[in-house]
Amino acid sequence: MSNCKLSIQSITKQYKNSKSVALDAVSVDVQAGEFLAVLGPSGCGKTTLLRIIAGLLPPDSGKLLLDGKDITTAPASKRSMGIVFQNYALFENMTVLENVAYAAKLKARRDKSATKAEVEQRAMELLADLGIAEYAKKYPSSLSGGQMQRVAIARTLILKPDIMLFDEPASALDVATRLQLRTVIKDIQEKFGTTMIYITHDQEEAFAMADRIMVMENARISQIGTPSEIVGAPANEYVKSFVVDNLQTKIASLSKALGADT
Amino acid sequence: MTAAIKKRPQSGAWVAKWTVAAVLLCVVILPIISMLTKITPADIADVVKGPNFGSALWNSLCYTAIATLIVVVLAYLMALCTTRVAIKGKKLWNVILILPMLIPSISHGMALLILFGQNGIVKNLFGNTIPIYGGTGIVLGSVMYALPVAYIMLADVLRYEDMSVYEAAEVLGIGKLRTFLKVSLPYLRKPLIAAAFSTFAMVVTDYGVPLMLSGAGNYTISTLMYQAAIDQQKFGRGAVYGVILLLPAIVAFLADLLGKERGTGSYVKKAHEGSNKPLFKVLAYAFCTLMAIFALLPIAVFIFLAIVKRYPIDLSLTADHFAYIFRGQGAKYLTNSLVIALVTASVGAALGFITAYMTARMRSPLSRGLHLLAITSMAIPGMVLGISYVMTFASTPIFGTLIILVMVNTAHFISSPYLMMYNSFGKMNENLEAVGQTLGLGRVRMLWRVFLPQSFGTLAEMFSYLFVNSMMTISAVSFLANSTNKPISLMISQFNEHNNEYVAVVSILILVVNMIMKLAVEQIKAISARRR
Ligand SMILES: Nc1ncnc2c1ncn2[C@@H]1O[C@H](COP(=O)(O)OP(=O)(O)OP(=O)(O)O)[C@@H](O)[C@H]1O
Ligand SMILES: [Mg+2]
């Protein structure tokens, strides 16, 4: 493909203490600047795929190409990827600003690319972009879930990653905060043009955010397509019931409620 | 195309883990093995055919069983008072109730002698006293120093019991008694068993109390071991007694291991607010006061004896006894103790921290072995560890120095602080390493800048545990100390009933040092908690 950022080729993984495979020859090409949602039920292998992409877990076989370069065995720190987890994983002993600036400061010192003050300046700008500048001097434990997740996003953004990986970043948040976070993430994608791979088990979230959706079941890909392709032509019975019917139920109950209201 | 992916080498981690494993093997396991191999059949015959063996075995079992029963019941009641009743000043009660933990067991034995002995305070005041030599005194003394440990265990469990279960039971209309039988007891069964086993192991292996109070002929296995190994220097025989003492400790260890299997992982959805019923409050205040008196009695006696000229002849105040201790070897032995305790606490906390990091945050089959190794020392009584050190290191240059005392104390006390850190690491976010890797922060940097700063509270607690225990231990060190490296706690056994003042002074010194340490740690914990 012309504009392929990340090529995932036939990745297979089986955990040592497990009888079944967690990923079975998964292949997909992610386009530059694309928002790819990975949608699937619990245990289908989403997190495993993300950890392999990030370099946190070696695959048993298969290949990963980043801009055409083989990164299958490259260490996580050399992949130019950032990862955001459901449970934030912030450094609780550091302030919000330190959380965001720490890794970037070290990097800047290593390759003498910027001064400490410049890095902090940039961190503050990012915090402002994400609407949490006022918490710069606070410790994570005094923030709400949505605020902590923004800190986690800023912490990866500051290293200007090629690809941002999200593992159910909104699952621990309440509905209103979840909707806000969606906007924040989409704004970032627009502003920085970052390629994003976003894991979720929420059909609606996938449809609202993604350019393309990859539906998984049981260690395999069931279908990859744009939201309209998936609704228009579900590849099989599973995609139809897990994605399309699910959404339709939601729409039905919503319109019923709205109809009753007005 | 689907060639297998080569794993990145992990040799650094592997070497680090084996290094720690080797250290633990050398200070805990190897000495015990070496001791076991040096026991001869003649030693066994000597011990088993000894004139007092049968009665000592019987005494040990009886005294310990009775003491354990009393300890568990009292500790449970105390824990109920401080966790289930809304009494005021819980912090203060807690401090008072655990004070006896800060002085050596032998001090408790001595306090009972001073109070109830033939020349004791009670005899003096009332002209009569209870027979304190033998079973009564040994049981009483054992209860005194073992009670706080069991209390802490049970209060912890009760504090973290989820009360929403009780609310659910009430809503469902399940009766109080039924709820107690079906909810409270099953929840408490394992902690109670674990508390009973560890109390049993602690009491049966202690020689401090029976040494003071056994009187004529009331031997226990631990005093026979003390006689054989320390008075007669017959280490082979001592080791045989040691093996006998090892058995209950191993059973306690296994019981504790099984007890911890379940029960963890549940978190408090709703904590207990404490009953406000007037009857319960009155009962709780009365019981806590009684227990507080029991806890403070020996300390009060020591303070009194230490500052009056000569009880009961001359009650004028004096600092002479302190001066006497410091004029003699006291200053030197106190310094020894402080050095041993500080170094043990530093080394032990560092070792515990690193080991816990490896087992909790770098999981692999090797980690599991390392974890077992790190908690094994809990199963080895101090006396047994001490005699195994004599038999293993007697001809090495470290023998007779402070180094071997630091070593034996670290080996003896490492398990609990290790577990504190292990649990604390287990609670930290499981994705921190992953985040570090993607941000280009290496393991060492993450350890230094993220995990260590988040562990200050736990490290302070580990440090204090190791320090306090090193200050007051008399078990392992009694086999390894001589006149140059002796810690101050061992001074107590060199005095007798006729110079109680000095026992009092030494006990108070140990208590004061330990209290300062405890206060300092509380302060540090408060500061590190406030920072976030
Ligand atoms: N460390 C591990 N060891 C063994 N098996 C594992 C491990 N991690 C995951 N698995 C198994 O691999 C399969 C895929 O797990 P994975 O975490 O990738 O699922 P997931 O799609 O992210 O699920 P969820 O939505 O619950 O997060 C599951 O069957 C899981 O039980
Ligand atoms: Mg997952």
Side-chain angles (χ1 to χ4, degrees), chain A residues 9-13 16-17 25 47 50-52 54-64 72-95 98-99 102-104 106-107 110 138-142 152 155-156 158-159 161 163-165 167, chain B residues 1-13 267 353 357 361-368 424-460 524-532:
Chain A
Q9 302 182 350
S10 196
I11 293 286
T12 297
K13 178 75 188 178
K16 271 200 207 91
N17 48 359
T47 298
L50 207 69
R51 294 182 77 88
I52 289 174
L56 301 168
L57 192 70
D60 294 342
S61 63
K63 258 193 198 171
L64 289 171
T72 317
T73 56
S77 56
K78 297 270 152 36
R79 294 188 180 202
S80 180
M81 294 183 192
I83 191 162
V84 174
F85 292 100
Q86 180 182 335
N87 56 19
Y88 326 119
L90 296 179
F91 307 142
E92 309 221 347
N93 55 306
M94 300 183 190
T95 63
E98 287 165 349
N99 261 281
Y102 182 56
L106 289 176
K107 186 162 177 270
R110 244 192 331 265
K138 292 250 160 58
Y139 285 92
S141 57
S142 62
R155 181 175 63 179
T156 58
I158 197 164
L159 294 178
I163 303 180
M164 278 183 79
L165 309 167
D167 194 350
Chain B
M1 196 201 93
T2 53
I5 309 291
K6 253 196 293 174
K7 297 235 173 66
R8 262 174 267 132
Q10 284 274 318
S11 54
Y267 63 102
F353 179 81
Y357 180 77
R361 312 268 339 173
M362 300 167 74
R363 290 188 181 277
S364 74
L366 189 53
S367 313
R368 196 119 19 105
S424 169
F425 273 139
K427 286 190 199 120
M428 291 183 198
N429 194 301
E430 79 271 16
N431 290 322
L432 280 173
E433 281 87 354
V435 166
Q437 273 177 278
T438 56
L439 292 180
L441 308 171
R443 253 195 198 287
V444 176
R445 192 173 293 277
M446 284 293 287
L447 191 58
W448 189 244
R449 291 302 301 271
V450 175
F451 288 106
L452 187 65
Q454 288 190 33
S455 308
F456 277 148
T458 311
L459 275 171
I524 289 172
K525 270 170 60 188
I527 291 169
S528 82
R530 213 179 311 136
R531 265 207 52 207
R532 282 187 242 140

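Below, each value reflects all heavy atoms present in this structure, side chains not excepted, and no hydrogens, waters or symmetry copies. Letters A, B, ... mirror the listed sequences (proteins, then strands); counts begin at 1.
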Original post:
When rounded to the nearest 0.5 angstrom, what is the spacing between CE in A:M81 and CD in B:Q437?
Top reply: 13.5 Å
Original post:
Which heavy atom of A:S77 sits nearest a heavy atom of B:G440, and at what distance?
Top reply: CB-CA, 3.4 Å
**OP:** Under 4.5 Å heavy-atom distance to chain B, tell me which part of A:R51 shows up: side chain, backbone, both or neither.
**Re:** side chain
Subject >> Atom group of A:L90 that falls short of 4.5 Å from chain B, counting heavy atoms >> reply: backbone
Original post:
Rounded to the nearest 0.5 Å, what separation is found between the CD1 atom of A:I163 and the OG1 atom of B:T438?
Top reply: 13.0 Å
**OP:** Return yes if some donor-acceptor pair links the side-chain N/O of B:N429 with the main-chain N/O of A:N87 below 3.5 Å, else return no.
**Re:** yes
Subject >> Greatest number of heavy atom pairs closer than 4.5 Å to chain B - which of A:L106, A:T12, A:I83 >> reply: A:L106
**OP:** Check whether B:M446 gets within reach of chain A through its side chain, its backbone, both or neither, counting any heavy atom under 4.5 Å.
**Re:** side chain
Subject >> Minimum heavy-atom distance A:E92-B:Q454, with the two atoms named >> reply: N-NE2, 3.2 Å
**OP:** Start with the C-alpha distance between A:L56 and B:E433, add both sets of side-chain angles, then the distance that settles side-chain contact (heavy atoms from CB on, under 4.5 Å), and finish with yes or no.
**Re:** CA-CA 9 Å; A:L56 301 168; B:E433 281 87 354; over 6 Å; no
**OP:** Kindly compute the distance separating CG (A:N93) from CZ (B:R449), expressed to the nearest 0.5 Å.
**Re:** 8.0 Å
Original post:
Are side-chain heavy atoms of B:V435 and A:F91 found at a separation under 4.5 Å?
Top reply: yes
**OP:** Could you look at B:L441 and say if it's the side chain, the backbone, both or neither that has a heavy atom under 4.5 Å from chain A?
**Re:** side chain
